[in-house]
Amino acid sequence: MKDGIEDEIALGHPEVCRWLAQLFLFEVTADQMAAYQSGAAEPFLDCMASVCEITEGRAAFEAAIVGWGDLETPLRTVAADYAALFLLGEKANAQPYASLFSEGTGQVFGAAHDRMVARLSSQGLGLSAPTNEPADHISFLLEYLSVLLGSPKSGQETPADFLNAEILPWFDRWAQAASRVPVRSRFYPELISLSQRYLAALAKE
Amino acid sequence: MTTRRNVLKGLVAGGAATLMGQSLFAKAAQAATSSQGTWHVTGSHWGAIRALVKGGKVTDVQPLEDDPYPTDMIKGIKGIIYSPSRIKYPMARADWLDNRENADRTTRGDNRYVRITWDEALDLFYEELERVQTTHGPSGLFAGATGWRQTGLFHTCINHMNRAVSMHGNYVRKVGDYSTGAGQTILPYVIGSTEVYAQGTSWPVILENADTVVLWASDPLKNLQVGWTCETHESLPYLDELRDKVAAGEIRVISVDPVRSKTQKHLNSEHLYVNPMTDVAFMLAIAHTLYTEDLHDKEFLDIYSLGFDQFISYVMGEGEDATVKTPEWAAEICGVPAEEIRSFARLLASGRTQFLFGWSLQRQQHGEQPYWMGTILASMLGQIGLPGGGVSYSHHYSGVGVPQTGANMPGAFPLNLDLGKTPKHDLHNYKGASNVIPVARWVDMLLNPGDKIQYNGHEVTYPDVRMAVFTGCNPFHHHQDRNKMRKAFRQLETVVAIDFAWTATCRHADLVLPACTQFERNDMDTYGAYSNTGVVAMRKLVDPLYQSKTDYEIFTGLTDRFGRAEEYTRGMTEMQWLRQMYDTTKAANDGRFEMPDFDQFWEDGMVRFQRGENWVRHAAFREDPEINALGTPSGFIEISSRTIEKFGYDDCGAHPKWMEKAERSHGGPNSDRFPIWLQSCHPDQRLHSQMCESDEYRATYAVQGREPVYISPEDAANRGINDGDIVRVFNDRGQLLAGARVSEDYPQGVVRIHEGAWYGPVDASIGALDTYGDPNTVTMDVGASKLSQATSANTCLVEIEKFEGVAPPVTSFGGPIEESL
């Protein structure tokens with residue numbers, strides 16, 4: 001690091017997953033918004049494109065970022081989209097919890113959360129984000145996938161196994177729910193769409 | 001799976017790094033958790049429970065072993081804690097955040113929110129209090145609405161809000177409540193206390209002495225599932241004893257009710273059907289029979305009451321209406337044949353009769369009248385103050401009738417400022433407006449600032465309120481006429497709501513603060529609100545979910561912003577408060593009731609006291625009415641009231657009268673357009689609106705995901721409605737969807753939707769269809785009378801039709817959903 005800018009970074013699937021994890025857990029900041037508008041998402045999208053066809057989705061995603069310029073208060077608008085999609089609503093919206101979409105109890109902190117807690121605990125890990133969110137939040141699942149991708153160990157669950165067990169069984173339903181939520185910017189819907197294609201492809205890699 | 005990585009350099013790398021943030025995981029010591037989990041005792045409105053906590057989660061909830069009658073509702077508790085409707089973070093309405101008092105208020109209830117930090121949220125809360133106090137004065141702030149909160153004496157949210165907001169400034173408050181507004185206003189004039197919240201004659205005394213028990217619009221088996229404090233359910237086995245006595249022919253129990261109640265069916269007792277809202281006509285005819293057949297107790301009336309002559313003159317047709325209140329006259333109104341009225345009156349006078357009135361009866365236009373008549377009938381029978389006789393208005397509530405131990409119970413967190421303290425803004429100029437509003441009139445207040453109304457002998461002038469604070473309270477459940485409410489909420493510049501779930505009130509708020517549930521904090525509670533059976537330790541089961549906080553933390557943070565946090569907390573932590581509350585109680589009980597030290601109590605989870613003595617309500621008055629005078633103006637039972645007469649109200653006069661309602665089924669006004677009476681009494685499977693958000697439990701009673709509307713086979717057949725259909729319930733005030741439950745328990749012209757169903761309109765427009773089935777979408781919002789200005793929710797006519805087409809999805813749960821895009 002110098003002058004606050006990291007001058008070298010290795011970017012692969014682990015980093016893409018972490019990028020997605022951050023996007024689904026926190027609102028876009030002003031700095032991040034500026035970075036996106038300067039094309040900072042490109043390396044991530046390139047990496048996604050290395051495993052699946054995303055030309056149309058990428059264009060739509062990038063158009064959404066360009067579209068921020070037309071918004072009166074882009075930061076507030078995107079934050080309100082984020083809230084509508086991920087913080088509010090029940091069945092009609094898209095709170096990103098595996099339990100909600102994969103267990104019929106109508107409750108969060110379900111069995112999917114328990115399984116994630118057990119996974120993390122077995123590796124001496126815990127959730128560090130100050131959100132007190134359930135461990136089956138899509139962001140924690142993606143972060144865990146990032147860990148698996150970044151340091152594969154023999155005998156350990158493979159990224160594909162994890163994807164097939166914990167993410168893909170409900171991701172499509174979540175994406176469908178998200179598509180029904182009214183938003184002002186297409187940023188998140190396109191991101192979810194890209195993620196859907198990317199994760200499905202990743203499971204086949 | 002490949003993990004190819006490109007090495008990025010320079011600005012590209014910097015940009016990418018900005019987007020990836022820190023890892024969401026950290027090294028953590030492996031928690032030594034028992035695979036079996038740990039059972040903890042805690043309390044709730046639904047009774048004392050044991051909760052199994054495993055891996056930081058509540059995984060099972062069971063009733064305490066000695067709960068004699070656990071309620072099925074405890075199955076819904078997990079669904080409260082882990083509801084997707086939880087408010088996770090402080091949230092602000094986006095437009096309000098940018099524009100504050102100049103924000104667009106027409107989109108309330110259908111709007112966009114953003115997450116903010118707690119610091120931002122509390123700063124905003126404080127800034128708004130400052131703005132309103134300094135710009136509009138105390139008449140600009142309403143912080144008076146309250147309701148059933150979560151249990152726990154320390155964390156009782158009403159007290160926290162009142163104390164904290166009072167430290168900042170004065171404000172408009174409320175008087176009365178929605179449950180018993182008419183009853184608690186009229187009865188002090190009639191029998192000397194509110195009665196509705198008074199301990200009643202002990203159940204064993206009633207069982208031993210009563211010949212006849214009249215359940216008048218009362219359904220204790222349903223309502224005693226919950227209690228104001230931690231419920232013991234000790235009163236419910238008495239209903240089983242009553243059932244046995246009914247079966248043995250030792251007691252007759254008659255349920256006077258338009259509907260066959262859960263209690264009536266449990267007791268296998270008699271049912272006396274009365275047309276809705278016509279009880280007063282029925283009662284006047286009973287009085288007529290008692291009087292004309294010389295069945296009334298003249299000696300009792302002479303010794304213990306005043307004003308019988310004036311009342312009976314009215315009954316005998318010597319009043320302005322020149323109508324004799326004969327059974328024949330009443331039969332035309334109430335639907336009970338004249339001879340049956342006479343027989344019933346004779347039965348009442350034939351032995352010891354205990355009246356047990358429910359509260360729904362007084363939640364109607366002129367709701368004071370049937371309660372007043374209840375006391376008069378009991379007085380005419382001469383049995384007030386006798387074992388197993390007289391009148392009660394509370395036996396369906398919170399274990400009333402269970403003998404009281406006499407033990408002192410812990411106090412609560414202080415409601416007010418400490419002695420000698422004044423608010424930061426000690427302003428008292430309400431600009432000619434009143435600083436206290438009858439609670440059921442606050443929507444009128446918002447809509448009509450400056451208007452004057454009569455209330456209980458006073459004139460109330462509505463203040464010009466700009467900001468409202470609600471905590472642990474959901475007026476979008478308990479107030480009437482949603483569409484009127486939505487208009488009223490548009491008058492408010494700022495609404496702050498503090499709750500743990502996204503109620504409709506939160507959805508209409510500008511600033512929404514996430515409180516944790518009672519299961520995420522330490523507290524203690526009275527075990528048995530009237531019996532004082534014990535004290536229950538409410539041990540925190542799990543840490544506050546998401547970023548929710550206790551009310552104590554929230555208001556400590558608020559008061560800290562104007563330098564009063566130390567005063568607010570008295571420098572104590574949650575556990576220090578609990579210890580002090582317990583120790584004070586222990587000292588007060590010293591020598592009378594044994595209590596372990598706090599640590600032992602906290603470990604045990606409960607301290608119990610020996611059973612109390614049987615007791616007879618009003619027995620002391622009966623024994624010596626001079627020394628033990630009632631709290632009425634005269635000290636006697638006031639069958640006619642000079643005080644009320646002097647108020648000069650046209651809708652509540654010197655004595656009870658039959659008055660026609662604005663709308664009434666079974667041939668009454670407006671029944672040609674809307675022929676069905678909608679009853680919106682307390683629910684059987686939630687506590688008001690609490691637990692409606694518990695998805696799995698709601699699914700046990702919902703019909704196609706909607707709140708049930710119970711309807712007679714005749715009404716259903718006439719409208720082509722089958723059990724399980726989605727129906728539209730409507731009148732001129734609003735419309736809602738509900739799921740039809742066809743039931744023989746309901747007579748033609750009567751339907752029921754339990755209050756507390758969460759409001760979920762399809763959009764923000766006035767008149768929008770409610771998608772789940774909140775009955776207050778269609779109820780009438782007028783004061784019961786100028787005396788009480790109480791709710792009139794049960795004066796409500798509707799029509800019902802089968803809903804054709806694709807029903808819109810339910811929008812009630814999970815928070816604001818923008819539908820207008």
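This structure is a prediction, so every number in the text was calculated from the model and none was measured. So you know, we letter chains A, B, ... as the sequences are listed, proteins then strands, and number each from 1.
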Most heavy-atom pairs under 4.5 angstrom with chain B, which of Glu133(A), Arg76(A), His113(A), Glu27(A)?
Arg76(A)
Between Asp695(B) and Thr105(A) (side chain of the first, backbone of the second, donor and acceptor by atom type, cut-off under 3.5 Å), is there such a pair?
no
Chain A contact via Tyr89(B) - side chain, backbone, both or neither, heavy atoms under 4.5 Å:
side chain
Is it the side chain or the backbone of Val16(A) that comes within 4.5 Å of chain B heavy atoms, both, or neither?
neither
Specify which of Tyr144(A), Tyr97(A), Phe26(A) makes the most heavy-atom pairs with chain B at under 4.5 Å.
Tyr97(A)
On a heavy-atom basis, which atom in Ala26(B) and which in Ser128(A) lie closest, and how many Å separate them?
CB-CB, 3.6 Å
Closest heavy-atom pair, Pro816(B) versus Leu88(A), reported as atoms and distance to 0.1 Å, is CG-CD1, 3.7 Å
N-O pairing of Arg112(B) and Asp81(A) below 4.0 Å:
yes
Taking all atoms of both residues into account, what is the closest heavy-atom pair of Leu125(A) and Ala28(B), and its distance?
C-CB, 3.8 Å
For Leu24(B) and Ala21(A), work out which heavy atoms get closest and say how close.
CD1-CB, 4.0 Å
Which portion of Ser23(B) sits near chain A, non-hydrogen atoms under 4.5 angstrom:
both
Smallest separation among heavy atoms of Leu19(B) and Ala41(A), with atom names
CD1-N, 4.2 Å
For the interface with chain B, which of Trp19(A), Tyr82(A), Phe109(A) has the highest count of heavy-atom pairs at distances below 4.5 Å?
Phe109(A)
Could you give the distance from CZ (Arg86(B)) to CG (Leu87(A)), rounded to the nearest 0.5 Å?
14.0 Å
Side chain, backbone, both or neither of Leu20(A) within contact of chain B (heavy atoms, under 4.5 Å)
neither
Part of Ser38(A) lying under 4.5 Å from any heavy atom of chain B:
neither
Sub-4.5 Å heavy-atom contacts with chain A: which residues of residues 72-79 of chain B show up?
Lys78(B), Gly79(B)
For a quick test of reading the model, state the closest non-hydrogen atom pair linking Gly110(A) to Lys57(B) and the distance between them.
O-NZ, 3.5 Å
Which residue out of Arg115(B), Met91(B), Lys88(B) racks up the most heavy-atom pairs below 4.5 Å with chain A?
Arg115(B)
Just give me the residue among Leu23(A), Val117(A), Thr73(A), Thr77(A) that pairs up with chain B most often, heavy atom to heavy atom, under 4.5 Å.
Thr77(A)
Where does Ala35(A) contact chain B at under 4.5 Å (heavy atoms): side chain, backbone, both or neither?
side chain
Against chain A, work out which of Tyr546(B), Tyr113(B), Trp502(B) has the most heavy-atom pairs shorter than 4.5 Å and name it.
Tyr546(B)
Verify, without hydrogens or angle tests, whether Gln22(A) (side chain) and Met20(B) (backbone) share a donor-acceptor contact under 3.5 angstrom.
yes
